[in-house]
Amino acid sequence: MTTRILIADDQEDIRSGFRLILDSQPDMTVVGEAADGESAVALARELRPDVVLADIRMPRLDGLEVTRLLAPRARVVVVTTFDLDEYVHTALRNGACGFLLKRSGPALLIEGVRAAMAGDTLISPQITVRLLSTLTQAGPVAAGTVAHPLTEREVEIVRLVARGLTNAEIGTELFITAGTAKTHIANVQAKLGARNRVGIAAWAWEHGVAKAEAG
């Protein structure tokens, strides 16, 4: 099965570079390019790609708004030069299936597309480390101070999702099957109103649930 990809970036050389990288993969094809956000949304609705790669700073409509309008019907991976925490959190809340930095290189770009198609998510390691470091510096959260509807097992699942583990890795960690992990994640999404597993990770970071893992 070939993954159909739409590239949205206002720089032609970036779009061309991404196209060369992705079209070189036997299971991927670029079906369209957009130089601004409004065109990206229109093309996505017309072409129905499997994955949309969206820059943040684009004319007419930025990538964060593009993500909000297209997710979850399309898997949107934000690929940008700017790794500001505000952008990361907004992208995750809006339903992004990944957040990659352009300087991360072609291998991570390909991996990000494959992760999105597999129902997993990929965030550039530099960003994840910084976010978790910031949370750790903020100090531990006292047990029982975070009100939420999750069971103890679901909290364990959330912490592992926040660490970036796949369903298979979560299964190995908790001695359950990948299918059971997937079911738990679906239940957590429903309880938290999260659009995808990245939204679960964002909730964990914001509510201090992820900190317990480091402590």
Side-chain angles (χ1 to χ4, degrees), residues 1-37 39-41 43-44 47-59 61-67 70-92 94-133 161-169 196-199 201-202:
M1 181 177 175
T2 301
T3 300
R4 303 169 71 254
I5 303 163
L6 171 66
I7 301 172
D9 196 294
D10 61 340
Q11 299 182 55
E12 185 177 357
D13 58 335
I14 294 292
R15 298 197 307 272
S16 298
F18 284 178
R19 179 183 280 273
L20 285 173
I21 293 167
L22 299 170
D23 278 344
S24 70
Q25 301 302 302
D27 57 342
M28 298 181 188
T29 184
V30 175
V31 297
E33 297 181 19
D36 64 79
S39 299
V41 171
L43 274 176
L47 300 174
R48 299 182 181 277
D50 300 305
V51 176
V52 177
L53 301 181
D55 190 16
I56 286 184
R57 297 188 180 178
M58 293 187 291
L61 208 63
D62 67 33
L64 300 175
E65 183 64 10
V66 168
T67 301
L70 295 181
R73 284 185 289 270
R75 301 172 179 89
V76 182
V77 177
V78 173
V79 188
T80 182
T81 304
F82 307 99
D83 62 345
L84 300 176
D85 289 352
E86 177 185 354
Y87 287 162
V88 179
H89 286 299
T90 303
L92 301 185
N94 286 358
C97 291
F99 195 104
L100 307 179
L101 300 179
K102 290 179 180 177
R103 65 176 181 269
S104 297
L108 201 66
L109 181 69
I110 294 167
E111 189 178 347
V113 171
R114 292 213 168 104
M117 287 301 295
D120 292 322
T121 57
L122 188 66
I123 301 175
S124 285
Q126 309 98 303
I127 297 173
T128 303
V129 169
R130 188 183 72 245
L131 290 173
L132 294 178
S133 174
V161 169
R163 284 170 47 191
L165 273 63
T166 64
N167 292 344
E169 290 168 338
N196 51 39
R197 63 195 296 138
V198 186

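- Considering all non-hydrogen atoms of both residues, F82 and I56 come closest at O-CD1, 4.3 Å.
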* Go through the steps for V113 and Q25 under the test side chain to side chain contact (heavy atoms under 4.5 Å, CB included), then give the verdict. => CA-CA 11 Å; V113 171; Q25 301 302 302; over 6 Å; no
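- The two atoms that bring S104 and S124 nearest to each other are OG-OG, 3.1 Å, heavy atoms only.
- Salt-bridge check for D83 with R103: passed, with a basic side-chain N closer than 4.0 Å to an acidic carboxylate O.
- Side-chain atoms of T29 and T2 include no donor-acceptor pair closer than 3.5 Å.
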* To do: Carefully, step by step, assess D55 and T81 under the rule side chain to side chain contact (heavy atoms under 4.5 Å, CB included).
  => CA-CA 8 Å; D55 190 16; T81 304; 5.6 Å; no
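- Across all their heavy atoms, A34 and L43 have their closest contact at CB-CD1, 4.1 Å.
- R15 and A35 make their closest contact through NH1-CB, 3.6 Å (heavy atoms, listed as atom of the first residue, atom of the second, distance).
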* **side chain to side chain contact (heavy atoms under 4.5 Å, CB included) assessment of L100 paired with I123** => CA-CA 6 Å; L100 307 179; I123 301 175; 6.0 Å; no
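- Of all non-hydrogen atoms in V78 and A91, the two that sit nearest each other are CG2-CB, 4.0 Å.
- D36 and S39 are linked by a side-chain donor-acceptor pair at a separation below 3.5 angstrom, with hydrogens and angles left out of the test.
- Between the side chain of D27 and the backbone N or O of T3 there is no donor-acceptor pair closer than 3.5 Å.
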* **Pair L109-F18, side chain to side chain contact (heavy atoms under 4.5 Å, CB included): steps then yes or no** => CA-CA 8 Å; L109 181 69; F18 284 178; 3.6 Å; yes
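- At distances below 3.5 Å, at least one donor-acceptor pair connects side-chain atoms of R75 with backbone N or O atoms of A116.
- Minimum interatomic distance between V31 and P49 (heavy atoms only, all atoms of both residues): CG2-CB, 4.2 Å.
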